[in-house]
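Single-structure report; data block below.
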Protein chains: 2
Amino acid sequence: MTVTLADVAARAQVSPATVSRVLNGNYPVAAATRERVLRAVDDLDYVLNGPASALAAATSDLVGILVNDIADPFFGIIASAVQSEIGGPGGRAGGERMAVVCNTGGSPERELTYLTLLQRQRAAAVVLTGGASEDAGHAEAMTRKLRRLTEAGTRVVLCGRPPSPDTGAVALAFDNRGGGRRLTEHLLGLGHRRIGYIAGPRERTTTRHRLEGHRAALAAHGVEDDPALTVHSPYDRRSGYDTTGELLRRAPDLTAIAASNDTVALGACAALRDKGLRIPADVSVAGFDDLPFSIDAAPALTTVRLPLHEAGARAGRIAMGKEEPPPGGVATVHGELMVRGSTGGPR
Amino acid sequence: MTVTLADVAARAQVSPATVSRVLNGNYPVAAATRERVLRAVDDLDYVLNGPASALAAATSDLVGILVNDIADPFFGIIASAVQSEIGGPGGRAGGERMAVVCNTGGSPERELTYLTLLQRQRAAAVVLTGGASEDAGHAEAMTRKLRRLTEAGTRVVLCGRPPSPDTGAVALAFDNRGGGRRLTEHLLGLGHRRIGYIAGPRERTTTRHRLEGHRAALAAHGVEDDPALTVHSPYDRRSGYDTTGELLRRAPDLTAIAASNDTVALGACAALRDKGLRIPADVSVAGFDDLPFSIDAAPALTTVRLPLHEAGARAGRIAMGKEEPPPGGVATVHGELMVRGSTGGPR
DNA sequence: TTGAAAGCGGTACCAG
DNA sequence: CTGGTACCGCTTTCAA
């Protein structure tokens with residue numbers, strides 16, 4: 001049926017142990033013997049049995065990457081950067097490591113499920129990307145799960161997510177609070193005082209932090225934080241569109257809108273256009289993340305550029321043990337304010 | 001150290017076999033016994049050993065999804081649809097199946113590597129998405145690899161990719177030729193005669209098919225196919241931007257540009273704007289795929305909407321054996337022409 | 001309905 | 001440098 005390592009050994013006239021050594025390449029084997037084995041492998045079209053290998057070695061070459069929304073380039077960029085660092089030689093058996101990206105869809109349960117699945121697969125490392133749920137129960141379950149993973153020898157890296165103390169997980173956190181603050185400060189600096197804010201989904205770290213930054217900016221400028229000016233919305237275009245309508249209904253006098261990310265900001269822009277408002281002449285708009293297409297979609301969009309690729313790559317290297325974790329296991333990654341034509345003040 | 005099924009058995013005072021049966025749920029077990037086992041599992045925080053399980057059962061719960069570019073929503077949308085069909089109960093041991101998306105970056109070698117890795121993991125199914133390389137050597141290697149996979153019992157589904165005859169792979173192909181043709185016909189119908197065409201990367205099925213459609217439309221209307229009007233470009237915004245410059249240099253008299261996909265079209269729009277040209281007043285632009293944000297980026301963009309989500313979901317169901325493959329193992333999925341303001345004729 | 005035991009296909013330690 | 005050989009942890013007949 002399926003050809004096994006023993007078959008290869010037989011054909012190459014060596015012991016299974018030797019074949020294993022050749023395949024793993026981490027043990028001295030005579031060149032001639034290696035040749036013979038490799039030829040046998042080729043002749044038989046042999047493919048190593050991953051599960052058997054992982055079972056015996058008590059570790060696998062899988063690296064999990066958890067993302068909240070695989071259709072969102074924010075995560076795609078990070079995942080692709082992580083993955084490019086994962087690849088290459090150095091893995092066991094046959095070389096390549098396998099980066100697998102798991103789409104949680106933002107669901108805490110799925111997140112835990114995937115972690116269990118990865119734990120089950122004895123993953124070599126796990127990278128969790130993007131904001132985390134702040135539900136108390138879930139947070140506690142996550143802490144336990146992450147601790148178990150690190151205790152079992154799985155390297156855990158949080159990328160764009162706040163630290164998870166006492167779990168052994170390394171964190172590359174994004175400075176969402178600072179970014180949010182600078183974004184709103186920019187708008188305030190232009191003279192805006194009635195600023196609508198489209199926050200992300202409730203109970204998410206990114207949502208809270210960016211909102212806190214926004215409020216800190218308002219407070220610092222002595223501007224009232226009118227509750228009517230803040231609405232919550234999932235991180236997608238459609239929701240951004242819808243909530244913008246709500247915002248305009250509540251506060252027709254607003255002169256600027258800050259959105260929790262670029263995708264939402266795009267929806268906001270679309271809604272404004274559909275209502276006949278001009279950007280930034282009538283309403284200035286600010287986003288977050290600076291995804292590649294946002295400049296096309298909204299040339300006047302001011303936003304915060306997070307170094308997604310760099311952060312992902314670093315997370316990947318740390319997950320692979322190619323780079324030392326930051327001191328204390330925690331580093332903060334800052335974004336750059338991209339000012340682009342929201343230069344208009346309030347109308 | 002790590003708790004095993006035997007530990008659970010001991011604690012529950014049953015045999016390992018019984019624990020296994022409870023966990024897999026596909027065998028009659030007395031309710032009381034089940035209870036006891038489940039409690040033990042919980043007490044011990046037991047997590048099934050995936051590799052061991054896969055080894056013994058000679059199959060795993062992994063489902064691979066191969067994508068050319070994980071940062072491109074085109075693939076993200078398909079992947080997320082596939083994955084939502086994969087999930088849910090029905091899998092072995094513990095329920096959930098694990099969908100893993102593998103980013104080939106469009107590289108044929110990586111594609112083969114990932115397939116080998118999935119083969120190694122004894123994946124339950126594999127879904128390959130998007131255009132394929134047309135390099136003869138690679139195509140042959142792929143055929144062999146796919147055949148091996150299906151022979152080993154792995155279900156293989158091609159989604160948005162042409163059929164691979166005699167491999168046992170099911171194909172849901174996109175009608176790229178027809179879409180490309182209708183797009184160009186639309187521009188011709190508006191009176192355009194000098195139409196620049198930004199084709200995709202060379203040696204890709206999508207590139208060739210869409211280009212063939214474009215040429216078929218030109219031929220049908222008796223319009224000369226000037227080679228200077230066609231340039232090749234990778235499927236990304238930057239390349240679309242750059243090649244548009246090249247196109248305008250070569251043919252300053254063009255009145256419309258058809259791009260191989262929306263991302264490229266976005267780059268084209270940006271380039272046109274930067275050169276002071278208006279869309280569609282000066283130059284009409286057409287794209288392909290109709291990604292969610294493209295309407296924001298270029299409200300005047302005419303494009304072809306492929307049912308990415310539906311196709312992905314169907315591919316997922318077929319991969320899971322939840323839906324019958326189409327007759328002959330091949331189905332063609334058609335796109336819908338989205339006409340949006342490229343209504344201007346040539347200037 | 002439950003238990004006993006024979007593998008599944010490699011790995012790595014121990015000899016030689 | 002190479003071979004022999006206990007496991008790795010679970011699944012699955014076969015009996016009871």
Side-chain angles (χ1 to χ4, degrees), chain A residues 1-38 40-41 44-61 91-94 117 119-122 124 152-153, chain B residues 1-38 40-41 44-61 91-94 117 119-122 124 152-153:
Chain A
M1 252 261 312
T2 105
V3 27
T4 75
L5 183 143
D7 300 332
V8 175
R11 190 172 226 278
Q13 321 234 55
V14 297
S15 74
T18 300
V19 177
S20 174
R21 294 199 264 257
V22 170
L23 261 27
N24 287 300
N26 41 14
Y27 223 82
V29 173
T33 314
R34 182 204 316 294
E35 275 312 301
R36 218 146 20 94
V37 170
L38 257 22
V41 166
L44 268 38
D45 248 319
Y46 170 68
V47 175
L48 191 69
N49 184 317
S53 170
L55 170 58
T59 169
S60 87
D61 278 341
R92 295 170 354 73
L117 256 25
Q119 186 181 2
R120 201 176 270 180
Q121 303 294 333
R122 304 299 186 255
Chain B
M1 250 265 310
T2 104
V3 27
T4 73
L5 182 142
D7 300 332
V8 176
R11 189 172 225 280
Q13 320 234 57
V14 298
S15 74
T18 301
V19 178
S20 173
R21 295 199 261 256
V22 170
L23 261 27
N24 287 299
N26 41 15
Y27 223 83
V29 172
T33 314
R34 183 206 313 294
E35 275 311 302
R36 217 144 23 91
V37 170
L38 257 20
V41 166
L44 268 37
D45 248 319
Y46 171 68
V47 175
L48 191 70
N49 183 316
S53 168
L55 171 58
T59 168
S60 85
D61 278 341
R92 294 169 355 71
L117 256 26
Q119 187 179 2
R120 204 176 270 178
Q121 303 295 333
R122 304 298 187 255

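A note on names: the letters A, B, ... follow the listed sequences, proteins ahead of strands, and every chain is numbered from 1. Keep in mind that the numbers below use all heavy atoms, side chains included, and drop hydrogens, waters and symmetry copies.
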Taking the minimum atom-to-atom distance to the side chain of A:T2, which one of D:dC10, C:dG9, C:dT11 wins?
C:dG9
With a 3.5 Å distance limit and no angle check, can you tell me whether A:R120 reaches the backbone of B:G50 through a side-chain donor-acceptor pair?
no
Does a side-chain N or O of B:T4 approach OP1 or OP2 of D:dC8 to a distance below 4.0 Å, or not?
no
Salt bridge (charged side-chain N to carboxylate O under 4.0 Å, His left out) with A:R21: which residues, sequence neighbours excluded?
none
Using only modelled atom types and a 3.5 angstrom limit, is any donor from either the side chain of A:R122 or the base of D:dG9 paired with an acceptor on the other?
no
Just do the side chain to side chain contact (heavy atoms under 4.5 Å, CB included) check on B:L23 and B:V41 with the steps written out, would you?
CA-CA 9 Å; B:L23 261 27; B:V41 166; 4.1 Å; yes
Please state how far atom CD in B:Q121 lies from atom P in C:dG10, giving the value in whole angstrom units.
13 Å
Give a yes/no on whether any side-chain N or O of A:N24 is located under 4.0 angstrom from OP1 or OP2 of C:dT11.
yes
Closest non-hydrogen atom pair, A:V37 against A:A12:
CA-CB, 3.9 Å
Any B:S15 side-chain N or O less than 4.0 Å from OP1/OP2 of C:dG3
yes
Of all residues at least two apart in sequence or in a different chain, which pass the side chain to side chain donor-acceptor pair (under 3.5 Å) check with A:S20?
A:N24
Contact class for A:V19 vs. all strands (heavy atom < 4.0 Å): base, sugar-phosphate, or nothing?
nothing
Could you tell me whether the side chain of A:S60 and the main chain of A:A54 form a donor-acceptor pair under 3.5 Å?
no
Could you check how far CG of A:L48 sits from C1' of C:dG9, rounded to whole Å?
9 Å
Return whichever of B:A52 or B:P28 has its heavy-atom-nearest nucleotide of DNA chain C closer to the 5' end.
B:P28
Picking from C:dG10, C:dG3, D:dC1, which would you name as closest to the side chain of B:R21?
C:dG3
Option passing side chain to side chain contact (heavy atoms under 4.5 Å, CB included) with B:V22 (candidates B:L38, B:V14, B:V8):
B:L38
Between C:dT11 and A:S20, is there an OP1 or OP2 to side-chain N/O distance shorter than 4.0 Å?
yes
Please give, in whole Å, the distance from C:dC8 C1' to A:D7 CG?
13 Å
Phosphate OP1/OP2 of C:dG10: any A:Y46 side-chain N/O under 4.0 Å:
yes
I need the full list of salt bridge (Lys or Arg N to Asp or Glu O under 4.0 Å) pairs touching residues 44-60 of chain A, with sequence neighbours left out, sorted by first then second residue.
A:D45-B:R148
What closest approach, in Å, do A:L48 and B:R122 show between heavy atoms, and which atom pair accounts for it?
O-NH1, 3.9 Å
Take the protein atom CZ of B:R36 and the nucleotide atom P of C:dT1, then report the distance between them rounded to whole Å.
14 Å
Whole-Å gap separating P (C:dT11) and CG (A:L55):
10 Å
Between C:dG10 atom C1' and A:D61 atom CG, what is the distance in whole Å?
14 Å
Note down the inter-axis angle between the two ends of the helix from C:dT1-D:dA16 to C:dG16-D:dC1, five pairs each, to the nearest 10°.
30°
Output the single nucleotide from C:dA4, D:dT2, D:dT11 whose closest atom is nearest the side chain of A:A30.
D:dT2
Nearest to the A:N49 side chain among C:dG10, C:dA12, C:dG3, which nucleotide is it?
C:dG10
Pairs under 3.5 angstrom, nitrogen or oxygen only, protein versus nucleotides 5-7 of chain D, please.
none

I'd like to check the side chain to side chain donor-acceptor pair (under 3.5 Å) partners of A:R34; sequence neighbours left out, ordered by chain and number.
none
For the pair made of CG in B:L23 and P in D:dC10, what is the distance, rounded to whole Å?
9 Å
